[in-house]
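Heads up: numbering here begins at 1 and tracks the sequence.
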Amino acid sequence: MKEEELKQIFLAEAQDSFEQLNRLFTQLEKNHADREATEAIFRIIHTLKGNAAAMGFEDVASVGHLLEDIFSEIRRGNIALTSMVFNDLFKAIDKLGEMIEGVKVDKKVPYKGMRAKLKVILRNLKGEIEYEHTQGGGESSEKKDKELEASLQEKNEEELTDSQKETLASEQPVPIGVPLADEFSDDEDKKSKITFSDFVQVPVAKLDTLLNLVGELAIEKDRIIAQGASFGTTNEYTRLYRITSDLQYSVMGVRLVQVGALFHKFHRIVRDVATIENKKVNLDLQGTEIEIDRNVLQIISDSMIHLVRNAVSHGIEGPEERKKNGKKEQGTIQLCATSDKEYVIIEVIDDGNGIDANKIRKKVIEKRLATPEALAALSDDDVVKFIFEPGFSSVDNVTSVSGRGVGMDVVKKAVDAVGGKINIKTVLGQGTTFSLSLPSSMAVKSALLFIINNTEYAIPLSFTEAVISVKKSSIHKVGGGLVTTHLDDTITVMFLRDIFDCQDIDGLQDPQLLHRSFDKIEDPEAKINIVVVSVDNKMIGFVVDRLLQQKEIIEKPLGKPVENARFISGATILGNGNVCLVLDANDISEFLFKPTFATV
């Protein structure tokens, strides 16, 4: 995250804390015995002090530290609250507000007089003894104050103007016993001022509604421009196109959050699982500033938990085993996020033992998920993908963390639901990497439009690898399917009209289903349009009747009673007013390749 963005977030939280402190101080002044108000004030000041120190605003941290000390004593009953104390505390809060505003406008606000006043409160009201209460690290407030003062003085002394130096020089500590009201009675009365934060909190539901309305606007824009094109007046709509597009992407930008919001939650998860498993694991975070749609992050959050827990439980070895293998006792799990055009790549990397493909093969046969003959024809990479099958688990012993066969299939379904991909790279003895390719936004998708049986369809570009045209003679029958070559690789080919022409589920079971349209083409030189897609690292060629164009669409889920329709993930409305169905490439791939893994 950029420093300026961090500063803005700090200012928003600090301003909110300042307003809460004013309210709670007024509440506490009316009822000195209000324990809840005292505790709330202490927590808010403690948080404000910590945030200021982390951002390097030592002046705010210094005053916050003394206020924290005072309320620590008030909680213990060591300081009696009086009207004089409240007058000075309110002045301290006002000074804190000035300092927060000073951070906002990059202005130095003198504060040593107020700090001296707060020290006198501590000493006078505790029987004129020096306050030596410690906070956590064993250092006294006096020592911490001197350190903060020295640090601030060293950084800012050369930057101060002559008038500021004179002001600071005049802020001398107040002798113990001098009445505070008299000592500071010449403080300049400042007019009450109300300030507002530059941040506005908006419920996500309102953003969803706004995004839906912008989506409808985008559809209307396309419809109007399409109508204008038929009259040859497209130039008149250029400004409309630009404004609506800018509005659409601005609203999408509001919904973006940093992946660090999710990543930082895994420190505790890794610690807890490592403790249960008696392992030593370190978590390393990379790319926390990468932004992604909040809905995408929310949908895949449970999947990330499964991946991280499995990385600790299945991937990372115990300390003794790691030492035998020449590794450090402490394993490392890395969560890494990178941006790639319209997609965000999230990787879960461990330096554990990797996934043993031979062990997976044995489990697949035991669970009757495939025949030995079918497994023998698969590469190790394809065999490893069986871990995404429902109910599959590669461990023999069930623990509180793993072994129940629940989790990895959930990960696959969640990633598919947002239109993403998941890949595995594993090296036995070195570790495993799970790579999730996720769309940065679920609202707008780039899609390729085409026609089948005089009906328009779309497929997300996230699946599309290429568009090619081949002769019928280049396509060959293999078993019940079709294959051709693309870039020296053999790929499966299917005519989409074959599955869309089926009247019922039974029609999909016909062994010759995928040959029907192919057999109807008599000319061996006939050109066939193929959209090459990649699903689970498998290349599939979808044969279409006619290609249209690439377009950004607003995909909507299908409603009842067709919400569970096969091979379709959603729908959109085109500029001509037609409803366009969006293909579910994952479901089509599952239909094509599942029969290969016939049960024994």
Side-chain angles (χ1 to χ4, degrees), residues 340-343 377 379 381-382 385 416 419-423 437 439 445-502 512-553 555 567-569 572 574 580-596:
D340 181 19
K341 296 181 181 179
E342 297 180 2
Y343 300 93
S379 65
D381 289 341
D382 289 331
K385 291 175 184 175
D416 289 346
K421 302 178 185 177
I422 182 168
N423 293 316
S437 179
K445 293 182 179 180
S446 294
L448 182 66
L449 304 184
F450 51 84
I451 290 179
I452 302 172
N453 291 338
N454 297 320
T455 303
E456 292 167 307
Y457 292 89
I459 186 168
L461 281 183
S462 57
F463 295 102
T464 306
E465 294 291 327
V467 175
I468 61 176
S469 180
V470 301
K471 298 177 181 179
K472 180 190 176 183
S473 58
S474 299
I475 300 177
H476 310 282
K477 293 182 179 181
V478 176
L482 302 170
V483 298
T484 190
T485 56
H486 170 61
L487 300 178
D488 297 327
D489 289 330
T490 301
I491 64 173
T492 300
V493 175
M494 71 171 299
F495 287 74
L496 288 176
R497 65 162 61 223
D498 286 340
I499 59 174
F500 289 142
D501 284 345
C502 290
Q512 299 302 313
L513 170 68
L514 302 182
H515 291 168
R516 289 178 183 173
S517 296
F518 179 76
D519 291 336
K520 292 178 181 179
I521 301 176
E522 297 180 355
D523 183 6
E525 299 298 312
K527 290 293 183 69
I528 297 175
N529 296 316
I530 299 178
V531 179
V532 181
V533 301
S534 174
V535 184
D536 292 338
N537 288 334
K538 296 184 180 71
M539 303 291 280
I540 309 171
F542 291 156
V543 178
V544 301
D545 295 348
R546 182 158 58 93
L547 294 165
L548 294 179
Q549 61 178 321
Q550 178 181 327
K551 188 176 182 61
E552 289 186 342
I553 62 172
E555 183 178 353
F567 311 135
I568 302 297
S569 64
T572 188
L574 302 178
C580 176
L581 297 177
V582 182
L583 296 189
D584 187 342
N586 287 293
D587 194 21
I588 297 175
S589 173
E590 185 174 331
F591 163 74
L592 275 176
F593 294 104
K594 277 293 181 181
T596 304

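Note that the CD atom of E456 and the CD atom of Q549 stand 9.0 Å from one another [nearest 0.5 Å]. Summarising the geometry, atom CD1 belonging to I588 is positioned 5.5 Å from atom CG belonging to L496; distances are rounded to the nearest 0.5 Å. To the nearest 0.5 Å, the span separating OG on S446 from CD on Q550 amounts to 6.0 Å. With values rounded to the nearest 0.5 angstrom, L514 atom CG is found 11.0 Å from K477 atom NZ. Distance check: S589 OG to M539 CE gives 12.0 Å after rounding to the nearest 0.5 Å. To the nearest 0.5 angstrom, I530 atom CD1 is 8.0 Å from S469 atom OG.
Within the 4.5 Å cutoff, side-chain heavy atoms of L583 are placed close to those of I568. Proximity of T492 to L482: side-chain heavy atoms (C-beta onward) are nowhere separated by under 4.5 Å. Side-chain contact between I451 and V544 is absent, with no heavy-atom pair separated by less than 4.5 Å. Taking the side chain as every heavy atom from C-beta outward, S569 and E555 approach each other to under 4.5 Å. Annotation: side chain of H476 is not in contact with side chain of T484 (no heavy-atom distance under 4.5 Å). Side-chain contact between L574 and L449 is present, with at least one heavy-atom pair separated by less than 4.5 Å. Two residues are said to be in side-chain contact when any heavy atoms from C-beta on lie closer than 4.5 Å; T464 and I459 meet this criterion. Considering only heavy atoms from C-beta on, I540 stays 4.5 Å or farther from I491 through its side chain.
For CZ of R516, the number of neighbouring non-hydrogen atoms (other residues, nucleotides, ligands) closer than 6.0 Å is greater than 12. Remark: N454 CG is loosely packed, at most 12 non-hydrogen atoms of other residues, nucleotides or ligands lying under 6.0 Å away.
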Item to check | CA sep, side-chain torsions, deciding dist, call: D545, N529, side-chain contact (heavy atoms from CB on, under 4.5 Å) | outcome: CA-CA 7 Å; D545 295 348; N529 296 316; over 6 Å; no

Item to check | Verdict with supporting geometry, T485 and S474, side-chain contact (heavy atoms from CB on, under 4.5 Å) | outcome: CA-CA 8 Å; T485 56; S474 299; over 6 Å; no

Next on the checklist: Using the rule given for side-chain contact (heavy atoms from CB on, under 4.5 Å), can you reason through K527 versus V470, listing the C-alpha separation, both sets of side-chain angles and the distance that settles it, and then say yes or no?
Outcome noted: CA-CA 6 Å; K527 290 293 183 69; V470 301; over 6 Å; no

Next on the checklist: Please evaluate residues F463 and V531 with respect to the criterion side-chain contact (heavy atoms from CB on, under 4.5 Å), reporting the C-alpha separation (whole Å), side-chain torsions for both, the decisive distance (0.1 Å), and the verdict.
Outcome noted: CA-CA 10 Å; F463 295 102; V531 179; over 6 Å; no

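Classification of the Y457-F500 ring pair by plane angle, with boundaries at 30° and 60°, yields parallel.
Shown here for P524 and K471, the closest heavy-atom pair between the two residues is O-CB, 3.8 Å. Of all non-hydrogen atoms in A458 and A447, the two that sit nearest each other are CB-CB, 4.1 Å. Smallest separation of non-hydrogen atoms from F591 and I499: CE2-CG2, 3.8 Å.
Of the possible polar contacts, none joining the S517 side chain to the F495 backbone as a donor-acceptor pair under 3.5 Å is found. For D584 (side chain) and F567 (main-chain N/O), no donor-acceptor pair under 3.5 Å exists by modelled atom type. Here the side chain of D340 pairs no donor or acceptor atom with the backbone of Y343 at under 3.5 angstrom. K520 places no side-chain N or O within donor-acceptor distance of the main-chain N or O of H515, the cut-off being under 3.5 Å.
Salt-bridge annotation for K472 and D523: absent, with no side-chain N of the basic residue lying under 4.0 Å from a carboxylate O of the acidic one.
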